[in-house]
Amino acid sequence: MTLKWLAVVVAVVSVTSCVTGNVVVGVLDGGQLPLVVNLFALITAGTAVVLAVVAELHDRLNDRVSALTEFLVARLNEIEAHTGDRNTGFVEGYLLSHGQEAAVVPFGRRGRGAAER
């Protein structure tokens, strides 16, 4: 059972026991349960409701992050597919235009100042 539903069950059981206890004591003695018992039941129910709401918000946030991640992965794969095609065509065109003896060499080191020349 998930945390959300467990918290809902705790809240329902707490409120039900508080109401049932007050009804039973009211019918038998004409009074009510002690204040401490009622406060404990209400605090337990309130805490459980807050926990259930936080658990639901966490589930929704997790679903949105998962959907965003899937979208970004798909988009990056699409961008990578297009970029790879363009770079491949550029290198092949360069090699074809310069013949078989052409070599692709990297650029020189950057950052050389006037002192190194």
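Since we're looking at a predicted model, the values are computed, not measured.
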Only pairs under 3.5 Å count here: list side-chain donor-acceptor contacts from residues 15-25, not counting sequence neighbours, and write none if there are none.
| from | atom 1 | to | atom 2 | distance (Å) |
| --- | --- | --- | --- | --- |
| T16 | OG1 | V12 | O | 2.6 |
| S17 | OG | V13 | O | 3.1 |
| S17 | OG | S14 | O | 2.9 |
| T20 | OG1 | T16 | O | 2.7 |
| N22 | OD1 | L33 | N | 3.1 |
| N22 | ND2 | C18 | O | 3.2 |
| N22 | ND2 | N38 | OD1 | 3.0 |

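T2 has its side chain out of reach of L6: every pair of non-hydrogen atoms, C-beta onward, lies at least 4.5 Å apart.
Between the CG atom of L3 and the CD atom of E56 there is a distance of 11.5 Å, given to the nearest 0.5 Å. Atoms CG and NZ, from L57 and K4 in turn, are 10.0 Å apart once rounded to the nearest 0.5 Å.
Exactly one of I43, V49, T44 qualifies for a side chain to side chain contact (heavy atoms under 4.5 Å, CB included) with T47. That residue is I43.
Formation of a donor-acceptor pair under 3.5 Å by the N77 side chain with backbone atoms of V73 is found in this model.
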